[in-house]
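Order of the sequence lines sets the chain letters (A, B, ...), proteins ahead of strands, with each chain counted from 1. Since this is a predicted model, take the numbers as computed values, not measurements.
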Number of protein chains: 2
Amino acid sequence: MADAEGRRSHRAGPAAGRVKMAEVAQAAGVSPASVSRALKDPESVSPDILARVHAAADRLGYSRNRIASSMAGARTPIIAIIVPTLTNAFFSRTIQSISGKIAPLGHQLMIGVHEYDQAQEESLIQSFLDWNPMALIVTGLHHSRGSTALLARAPCPVIEMWDYDKRPIDSVIGCSMDVAGRMVARHLIQKGRRNLIFAGHMLDRDPRAAARAAAFLGEVERYPEVTAEVLSLEGRNADAGYKMSEVIRRDHPDADGVAFSGDLIAIGALAGFSAMGVRVPEDIAVIGYGDLDPSGFSQPPLTTLRPPHHEMGAEVARHLLARLENPDHPSEMIDLGFRLIERATT
Amino acid sequence: MADAEGRRSHRAGPAAGRVKMAEVAQAAGVSPASVSRALKDPESVSPDILARVHAAADRLGYSRNRIASSMAGARTPIIAIIVPTLTNAFFSRTIQSISGKIAPLGHQLMIGVHEYDQAQEESLIQSFLDWNPMALIVTGLHHSRGSTALLARAPCPVIEMWDYDKRPIDSVIGCSMDVAGRMVARHLIQKGRRNLIFAGHMLDRDPRAAARAAAFLGEVERYPEVTAEVLSLEGRNADAGYKMSEVIRRDHPDADGVAFSGDLIAIGALAGFSAMGVRVPEDIAVIGYGDLDPSGFSQPPLTTLRPPHHEMGAEVARHLLARLENPDHPSEMIDLGFRLIERATT
DNA sequence: TATTTTCTTGAAAGCGCTTTCTTAGATTGC
DNA sequence: GCAATCTAAGAAAGCGCTTTCAAGAAAATA
């Protein structure tokens, strides 16, 4: 019999060989319960035990198995966050800022990327929920029916970020795509432009960009003398913007103002216009969206709408922490607004 | 007695109220063991049971508690990844690419950001290990002593990425910083430049940038007629680059070639030179590092060294999957190399 | 000194699954 | 037709912690 010859490992997993709490308890001459208490709530234990436990734990190189800990306790210190992409500085910056705030508190960030695919988003939500996270952060207010249902009955706070217009499931922290689209249109119109274009990428998949385009059109309708059209292109980087400028030049030669759905495209387009000898802003005004790092250093420097980059992460983290600390903390709806950064392209 | 009046919840956690496997088993009229088998290894049960279990699970809206599952089984389907920042497109792109490959297999990505702080990196490694991840991916080959020790005895594959020179702890997939620094120096020298500058940011904290700077200097030493100096500045975006150009102009008026440690700084500097009337590349040649999205669209388009952006994520994911599938899969050392993208600034 | 109250500590019962181990039933061989 | 072999399903033992509960010791009150 295997048992007769001592301990027999049930099976060998990654945890095999790790020091466990019982060993620390034995080494310290106390019960496992005391080790648990000493490690998690030092106040609740006598100084003598505290010292012995720490000594033993240090000597043995013990560190708590989070899985077991989550299993036994009711809470899993995981914050799940779902974004469309990490390629966009908006989201990666937000995540970084959240991460910086919660890591010191012992929470872990679990990240999911759905690449603007609603079905993928839904399956991410599902699998994240299976981890019993302490909170779930998703991007935007538009989700599939399934996702919405899942989020609605999630047993933890749900924060929707980077949007504002629709009613949230729980909390929403972001900025209004409708306002964004209108601000951009109004700016171009104020600059005297009359033949406008909204040039976006993947408007069929990115609901927030689509909402901005719709609002852009909606705003223009209030000015009978102004026309506007929405163009959508493939890809979503500076290359695509370059090509876009050629399309605009060719198919819309009388356009005198373009709003791009992102700064990177705008920067590519600026290079394209320059190569074709189209003068910006004399011949055509250009406005972007995002105010990315390089946007102020394009030639000419790009006018753009700056979403609340920094506030976003900070506010989400703040709200998150408040709700984790106090389960009765109410949901919130926070509109962080925009700032129009006027530089040389309009 | 509470027990007398039926089930009593030990305590109410986030999992409270969730359907559990036992309920599915009861609804399907089978044992919990069969439910577990039906869900995880459909082949191992009869079609009849399989069908009943699935029907019951669907009806009850059951989904497996991953924490409990990880606790009971030996494996936790978590891939932990630690990067210095998410703000840098290198890392966020790599993460996105890994995420895309592993999510369909049911693994979760846990992300940690240490912001170029070794102590923080160490504590991230420690806490990630506490989750029993299936693999740990870290950035670079330079870690604190503590981190190195932790990684060396990690019970899972450890992949170091985005570097190559030093000996890895386990596997390394990346590109050589030494090669990068030398390629950049050589390019400038080949273009006839003799008074070189390596302008970096946070060289004291970013060991990879520091390694490139050192290699740059090392290469220059082989050319007696060439001089070189390393400058380090605060911040790390286009703004800083703009200011840097002024510093270079003022303190090193005879410099005729600059290598920036990142494209964003280079782009800022390009704007700065242009504003000061310094002609690029006539008066001074500029080369960047990174080949970011906007780099090809600066004015003039930036010459830069392109690290293996895309291959990096793909290779890490491939290697990861191979090792997860087959625990005996050997460690690998993969050097992905660079490509010099010559555009107009040199 | 006797009695109540407070504080520490240990024993033990799970948390919700997975995985042996075991047994009952179906299949096959001689 | 009965023993030997195989298969499918259930029983039960944990995985490593946390937390309740109970008991004993110490402190406070009478």
(request) Check whether any side-chain N or O of B:S34 sits under 4.0 Å from OP1 or OP2 of D:dA9, and answer yes or no. (result) no
(request) Quickly work out the A:E23 CD to D:dC15 P distance and round it to whole Å. (result) 12 Å
(request) Please check if any side-chain donor atom of A:R323 sits under 3.5 Å from a side-chain acceptor atom of A:S171, or the reverse. (result) yes
(request) Grab the NZ-C1' distance between A:K20 and D:dG14 for me, whole Å please. (result) 11 Å
(message) Any base atoms under 4.0 Å from A:V35, or only sugar-phosphate, or nothing? Heavy atoms, all strands.
(response) nothing
(request) Find the distance B:N65:CG to C:dG16:P and express it as a whole number of Å. (result) 7 Å
(request) Residues of residues 37-60 of chain B with any non-hydrogen atom less than 4.0 angstrom from an atom of DNA chain D: list those, numerically ordered, please. (result) B:R37, B:V45, B:S46, B:I49
(request) Going by the side-chain contact (heavy atoms from CB on, under 4.5 Å) test, name the single residue among B:L324, B:I111, B:V316, B:L105 that passes it with B:I79. (result) B:L324
(message) For B:F90 and B:W162, take the angle between the two ring planes, folded into 0 to 90°, and tell me which bin it lands in: parallel under 30, tilted 30 to 60, perpendicular over 60.
(response) parallel
(request) Please tell me which of the listed nucleotides, C:dC17, D:dC17, D:dG10, lies nearest to the side chain of B:V30? (result) D:dG10
(message) I'd like to know if the side chain of B:S36 reaches the main chain of B:P32, judged simply by a donor and an acceptor atom lying under 3.5 Å from each other, with no hydrogens or angles considered.
(response) no
(request) Rounded to the nearest angstrom, tell me the gap between atom CG in A:D130 and atom P in C:dG16. (result) 14 Å
(message) Is A:R18 close enough to D:dC15 that one of its side-chain N or O atoms is under 4.0 Å from OP1 or OP2 there?
(response) no
(request) Kindly point out which of D:dT18, D:dG14, D:dG16 is positioned nearest to the side chain of A:R64? (result) D:dT18
(request) Rounded off to whole Å, could you give me the CZ-to-C1' distance for the A:R66 and D:dC15 pair? (result) 17 Å
(message) Is it the case that atom CD in B:Q126 sees more than 12 heavy atoms from other parts of the structure closer than 6.0 Å?
(response) yes
(message) Output the rounded distance in Å from CE (B:M71) to C1' (D:dT18).
(response) 12 Å
(request) Take atom CH2 of B:W131 and atom P of D:dG16, then tell me their distance rounded to the nearest Å. (result) 16 Å
(message) Taking 4.0 Å as the cut-off, does a side-chain nitrogen or oxygen of A:Y62 come that near to OP1 or OP2 on D:dG16?
(response) no
(request) Check for a donor-acceptor pair, side chain of A:Q96 on one end and backbone N or O of B:T87 on the other, with a separation under 3.5 Å. (result) yes
(request) Among the candidates D:dC17, D:dC15, C:dT19, find the nucleotide nearest to the side-chain atoms of B:A33. (result) C:dT19
(message) Tell me whether the side-chain N/O atoms of A:S31 come closer than 4.0 Å to OP1 or OP2 in C:dG10.
(response) yes
(message) Using a 3.5 Å distance criterion without hydrogens, assess whether the side chain of B:S97 forms a donor-acceptor pair with backbone atoms of B:R93.
(response) no
(message) Output the rounded distance in Å from CE (A:M21) to P (D:dT19).
(response) 10 Å
